[in-house]
Amino acid sequence: MAQQPLFGLVPAGQPLITAPSSQPSETSFLYAIPHPSPSPSNPSPKPFAHLAVFLLPGVSLPDGTAAAIYLALNPAALASGAEPPNFRFLGGVGPGKESAVFKLSAAASPSTAEGVIIGVAVEEASSVAERIQQLHAEGAERGQGQGQGQGQLVVQGQAPSTQLLAQRIIQNAFNFLASFSGTVGAGGVEVVPLKAFQDWWRKFENKVRNDPTFLEREQD
């Protein structure tokens, strides 16, 4: 029986991903995220620059744990098994911080011809929190105007209202798109049609225009 998905990943401009590409262990997951495909309206799409990661609604991690998010530095070798995996820590999500948005620069985000590989591992919450603080300290030392950095976490904890709004937008999208999900291929990979995402975005924009404060209220 397939394990219930724990995490949602949304690369900017791409559909929601909930099913990992592989699961090396009970507590670690790998997500191979493809580059955007060319289309008539966008024949030369750019690689995504932002990635949202969040706990799916109803998911609770074991007590004392959080999810550490990593970027594979050797995705081509990792995919082929030619050498051991090498990951860079990006940040984490868990109790009290159920979602995070990461900013990835193209130069600092190694990729294969197919895309990038993101790792998610359930680890001790204290270890994840400590490394997040180290990232923040390193970012402060670099100061403003020193570039985007590598795997820079877009800190939302400093503005709780913004974090809450972001979580409600993600949950609104998930609740709408979940009913459109289906499976493809022999492995039963879960997918959501692009048209469903476009429909959600159109309805979401209309709702924001008609009631700009609806996200500020508690959602059912």
Could you check if a side-chain atom of [X] sits within less than 4.5 angstrom of a side-chain atom of [Y], using non-hydrogen atoms only?
X	Y	answer
P95	T65	no
L55	E98	yes
L177	F197	yes
P24	L30	yes

Q: Step by step, work out the side-chain contact (heavy atoms from CB on, under 4.5 Å) result for F54 and V10.
A: CA-CA 9 Å; F54 58 96; V10 183; 3.8 Å; yes

Measure across [X] and [Y] and return the closest heavy-atom pair with its distance rounded to 0.1 Å.
X	Y	value
L51	P11	CD1-N, 3.8 Å
G94	A66	CA-CB, 4.4 Å
G92	A100	O-CB, 4.1 Å

(Q) Between S21 and A32 (side chain of the first, backbone of the second, donor and acceptor by atom type, cut-off under 3.5 Å), is there such a pair? (A)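 Confirmed, S21 side chain pairs with A32 backbone.
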
Q. Does any N or O in the side chain of Q14 come within less than 3.5 Å of the main-chain N or O of P34, such that one atom is a donor and the other an acceptor?
A.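 Indeed, once roles are kept as given, a pair shorter than 3.5 Å links the two residues.
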
**Q.** same_hphob_cluster(L194, I33) at 4.5 Å side-chain heavy-atom cutoff
**A.**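 Result: no, two separate clusters.
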
Q) Can you tell me how far the CZ atom of R88 sits from the CG atom of L73, to the nearest 0.5 Å? A)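 So the CZ of R88 and the CG of L73 are separated by 5.5 Å.
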
Q) So how far is it from I117 CD1 to S22 OG, rounded to the nearest 0.5 Å? A)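 It is 8.0 Å, given to the nearest 0.5 Å.
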
Could you list the donor-acceptor pairs under 3.5 angstrom formed between side-chain atoms of residues 56-64 and any protein atom two or more places apart in sequence or on another chain?
none

Q) Between T18 and F7, does a side-chain contact (heavy atoms from CB on, under 4.5 Å) hold up when you go through it step by step? A) CA-CA 6 Å; T18 59; F7 308 102; over 6 Å; no

Q: Can you establish whether the number of heavy atoms outside Q134 located under 6.0 Å from its atom CD is more than 12?
A: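 More than 12 within 6.0 Å, yes.
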
**Q.** Whether over 12 other heavy atoms sit under 6.0 Å from E205 CD
**A.**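 Yes, CD of E205 has more than 12 neighbouring heavy atoms, counting only those of other groups under 6.0 Å.
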
Q: Just jot down the side-chain contact (heavy atoms from CB on, under 4.5 Å) partners of T27, sequence neighbours excluded, or say none.
A: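 So T27 forms a side-chain contact (heavy atoms from CB on, under 4.5 Å) with S25, V122.
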
Q. Taking only residues two or more places apart in sequence, or in another chain, which ones meet Y70 in a side-chain contact (heavy atoms from CB on, under 4.5 Å)?
A.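 Expected list: A68, F87, F89, A121, E123, R131.
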
Q: I would like to know whether I118 and I69 meet side-chain contact (heavy atoms from CB on, under 4.5 Å); could you show each step before the answer?
A: CA-CA 7 Å; I118 298 294; I69 316 301; 4.0 Å; yes

Q. Can you say whether the rings of F180 and F176 are parallel (under 30°), tilted (30 to 60°) or perpendicular (over 60°)?
A.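 It falls in the tilted class, 30° to 60°.
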
Q | Full working for side-chain contact (heavy atoms from CB on, under 4.5 Å) between L16 and F174 | A | CA-CA 8 Å; L16 168 70; F174 179 85; 3.6 Å; yes

Q. Are K195 and D199 close enough for a salt bridge, meaning some N to O gap below 4.0 Å?
A.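 Looking at K195 and D199, the cut-off is met.
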
